[in-house]
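Structure record follows, encoded as structure tokens.
Note that this is a predicted model, so its numbers are computed, not measured.
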Amino acid sequence: MSRRFITGAVAPHAALQPKGRWVKHLNTELNSVESTLEMIADYGLQRRHPG
């Protein structure tokens, strides 16, 4: 996940309503996407360099 997207687009809106329902939801969704991308990247590394 691009940190620039989060800090550039999401953070300013989240600052306006830090406890807002949509902010919490968006944060959860972005964390999920980031975790999924990390798992995919780790899987790709394991396939290239089996240990």
Side-chain angles (χ1 to χ4, degrees):
M1 170 70 39
S2 173
R3 292 285 174 190
R4 282 185 274 175
F5 170 73
I6 295 170
T7 57
V10 176
H13 295 285
L16 295 174
Q17 294 183 346
K19 295 184 180 183
R21 183 177 177 194
W22 79 268
V23 173
K24 291 178 184 179
H25 176 72
L26 184 59
N27 188 44
T28 301
E29 291 296 321
L30 290 173
N31 285 335
S32 177
V33 169
E34 187 173 37
S35 176
T36 300
L37 292 174
E38 287 174 1
M39 289 185 346
I40 291 168
D42 288 345
Y43 178 75
L45 288 175
Q46 289 174 1
R47 289 192 56 154
R48 285 188 218 127
H49 305 286

Expected list for residues 9-30: side-chain donor-acceptor pairs under 3.5 angstrom, two or more places apart:
unit_1: Thr28; atom_1: OG1; unit_2: Lys24; atom_2: O; d: 2.9

Is there a side chain to side chain contact (heavy atoms under 4.5 Å, CB included) between Leu37 and Glu34 once you walk through the steps? CA-CA 5 Å; Leu37 292 174; Glu34 187 173 37; 5.9 Å; no

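Taken to the nearest 0.5 Å, the CG atom of Asp42 stands 9.0 Å off from the CE atom of Met39.
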